[in-house]
Number of protein chains: 2
Amino acid sequence: MTADAADPKPYHHGDLSRALVEAAERLLEREGASALSLRAVAREAGVSAAAPYHHFKDKNELLNAVARLGFEQMGQAMKKAIEGLATPSERMNAVGVAYVCFARENKALYNLMYDPGRDRDFRADAPQSPDSPLAIVMAAIRENAPPDAALIDIQLSQIAGWCAAHGLAQMAGNKDFDPLKAALGGEKAFFSQVLSHLGMYRGLKL
Amino acid sequence: MTADAADPKPYHHGDLSRALVEAAERLLEREGASALSLRAVAREAGVSAAAPYHHFKDKNELLNAVARLGFEQMGQAMKKAIEGLATPSERMNAVGVAYVCFARENKALYNLMYDPGRDRDFRADAPQSPDSPLAIVMAAIRENAPPDAALIDIQLSQIAGWCAAHGLAQMAGNKDFDPLKAALGGEKAFFSQVLSHLGMYRGLKL
DNA sequence: AAGATAATCTTTACAGCGTTCAAATCCGGG
DNA sequence: CCCGGATTTGAACGCTGTAAAGATTATCTT
């Protein structure tokens, strides 16, 4: 209680930049993406409509900051999901399921992170950090590859696996999948099974 | 030249509903998604801003009509891509590549079709029609499955293949993939190879 | 300590958006 | 011929993103 519960109006908010990002994330999960206007974010943070422009060049830049936060949270959730798993195969499967689950549980945030209509200045999902979702997926697939695999095959498999997880994350809400989900005993099992069936796309046996 | 090049101002436009959808699609590929306002579409069609409301309840409903048109065009492009291909394996690969290619060549339209932020009243991509992109992908994967495969495995593989194609379509613009694309001799080869490597996600040999 | 300078926030303003409503315009059936 | 219903327009409302100018507070220099 040293810096947080200060006076109600410090007039120079202190750390408005962070407060705006947090207000935006709060608004995003409370009211959905359509309610996420710059003015609404400013309102939620208790500040005037023009104040954000001293911390972000654009609405787009504020959304980029929200997305960056989302990538961190997603990476942490995925790391927690593979804690204590022994085999590379188990870890790879858990990473994929965790990826899709996070996307489903934070639908609006995930859509914001990968919105193809926005200018994202940072790399698609901050692959430079080893804790980014993409890096975690890449590592899990690499470590599960056969030891004699060629580098290019590993790379292509990594991309394929990531694309499949991303596609599943976006399509998982499709109502046509409901009977299949029920037959398998829930969404998580459905995600796991879909990812496990990737190989059959080529007509291979499992 | 019987009905198209009529008077410049028929005042009761004749078929404004279709004209609006076409104006929207034109605007979409000329100026991009951010320029696709209802007022801009009306302007492009040479009509007042309130006119669309007698043919579409919403902006959203107009966009749904544009998306429907996009699904038809995409299905036709995919059917043309498998004409004359002999084996199920060839057809499946061509379908996947055609799917991703159409999405890349009509980026704004494809994003509109699968925009997760919009209310889409029709089924995700009109699966009732056998010419819909989803139906074509499903059929190509089914016909390439081993004859003794269980129904549920086929279904899961269909979903997996579709998700992978969709994910690749959205991620294909990632600059990180450029060296790989170059090494393989172009985007089309890259798409084909990524889809062919789906199986390796499970550590299987190709 | 005091005053200058920079950073932050507010107020006001503008153009564009989606949408609604009343008034104007056109078309087909009596 | 004229009337009723469909179509289109014009103006209006509240919302948005963004810019400019003024007010307020923090920081730096001396």
Side-chain angles (χ1 to χ4, degrees), chain A residues 2-3 6-28 30-67 108 112 115 117-121, chain B residues 3 6-24 26-28 30-67 108 112 115 117-121:
Chain A
T2 63
D7 294 3
K9 275 256 176 182
Y11 281 84
H12 269 46
H13 186 291
D15 195 355
L16 184 60
S17 172
R18 178 176 313 273
L20 285 169
V21 174
E22 284 167 5
E25 204 180 13
R26 222 176 310 138
L27 216 50
L28 193 58
R30 186 179 349 124
E31 322 236 4
S34 61
L36 198 67
S37 70
L38 231 193
R39 292 174 111 108
V41 173
R43 237 174 283 139
E44 170 83 16
V47 94
S48 89
Y53 284 91
H54 293 264
H55 301 269
F56 302 95
K57 170 175 142 292
D58 252 342
K59 178 187 184 185
N60 193 50
E61 266 206 6
L62 169 56
L63 296 188
N64 278 341
V66 175
L112 179 69
D115 182 2
R118 240 186 47 248
D119 280 349
R120 287 162 293 171
D121 58 346
Chain B
D7 293 4
K9 275 253 175 180
Y11 279 85
H12 268 47
H13 185 291
D15 195 355
L16 184 60
S17 172
R18 179 178 312 273
L20 285 170
V21 173
E22 284 167 7
R26 221 177 310 139
L27 215 50
L28 193 58
R30 185 173 359 118
E31 323 236 3
S34 61
L36 198 66
S37 69
L38 194 52
R39 290 173 113 107
V41 173
R43 236 175 283 138
E44 170 83 15
V47 96
S48 90
Y53 284 90
H54 291 262
H55 302 268
F56 301 96
K57 172 175 141 292
D58 253 342
K59 179 187 184 184
N60 193 49
E61 266 207 5
L62 169 57
L63 296 187
N64 278 342
V66 175
L112 178 69
D115 182 2
R118 239 186 48 248
D119 280 348
R120 287 164 293 172
D121 57 346

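Convention: sequence-line order gives letters A, B, ...; per-chain numbering from 1.
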Undergrad: At under 4.0 Å between heavy atoms, which parts of nucleotides 10-20 of chain D does protein reach? Answer with one letter per nucleotide, 5' to 3': B base, S sugar-phosphate only, - none.
TA: B-B---BBBBB
Undergrad: With the side chain counted from C-beta on, respond yes when B/Pro52 and B/Val41 share a heavy-atom pair under 4.5 Å apart, and no when they do not.
TA: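 Not touching, per the 4.5 Å side-chain cut-off.
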Undergrad: CG of B/Leu20 to CG of B/Leu27: how many Å apart, nearest 0.5 Å?
TA: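 Those atoms lie 11.5 Å apart.
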Undergrad: Nearest whole angstrom, please: distance from the P of C/dC17 to the CG of B/Leu27.
TA: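 Distance check: B/Leu27 CG to C/dC17 P gives 10 Å.
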Undergrad: Starting from the first five and the last five pairs of the helix from C/dA1-D/dT30 to C/dG30-D/dC1, work out the angle between the resulting helix axes, to 10 degrees.
TA: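 Computed angle between terminal axes is 10°.
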Undergrad: What are the two closest non-hydrogen atoms of B/Ala33 and B/Leu28, and how far apart are they?
TA: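 Minimum heavy-atom separation between B/Ala33 and B/Leu28: CA-CD1, 3.8 Å.
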Undergrad: Between D/dT7 atom C1' and B/Leu20 atom CG, what is the distance in whole Å?
TA: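 Roughly 12 Å, once rounded to whole Å.
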Undergrad: Rounded to the Å, how far apart are A/Phe56 CZ and C/dT8 P?
TA: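 Result: 12 Å.
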Undergrad: Does C/dC9 have its OP1 or OP2 closer than 4.0 Å to a side-chain nitrogen or oxygen of A/His55?
TA: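 The answer is yes; a side-chain N or O of A/His55 sits under 4.0 Å from OP1 or OP2.
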Undergrad: Figure out the NE2/C1' separation between A/His54 and D/dA23, and round it to whole Å.
TA: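 In whole Å, D/dA23 C1' lies 12 Å from A/His54 NE2.
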Undergrad: Between A/Arg118 and A/Leu112, what is the shortest heavy-atom contact and its length?
TA: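 Result for this residue pair: NH1-O, 2.8 Å.
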Undergrad: Could you tell me if the side chain of B/Val21 sits less than 4.5 Å from the side chain of B/Phe56, heavy atoms only?
TA: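 Yes, side chains in contact.
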Undergrad: With salt bridge (charged side-chain N to carboxylate O under 4.0 Å, His left out) as the rule and sequence neighbours excluded, what pairs involving residues 44-67 of chain B come up?
TA: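 For residues 44-67 of chain B, and leaving out neighbouring residues, the salt bridge (charged side-chain N to carboxylate O under 4.0 Å, His left out) pairs sorted by first residue read B/Arg26-B/Glu44, B/Arg30-B/Glu44.
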Undergrad: Between B/Asp15 (CG) and D/dA6 (C1'), how many Å, whole number?
TA: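 The answer, rounded to whole Å, is 15 Å.
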Undergrad: To the nearest Å, how far apart are B/Leu63 CG and C/dT19 C1'?
TA: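 In whole Å, C/dT19 C1' and B/Leu63 CG are 15 Å from each other.
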Undergrad: Under a 4.5 Å cut-off applied to non-hydrogen side-chain atoms, are B/Leu63 and B/Leu36 in contact?
TA: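 Yes, close enough: below the 4.5 Å cut-off.
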Undergrad: In terms of side-chain heavy atoms, does A/Asn60 have a donor or acceptor partner in A/Arg120 at a distance below 3.5 Å?
TA: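 Short answer, no.
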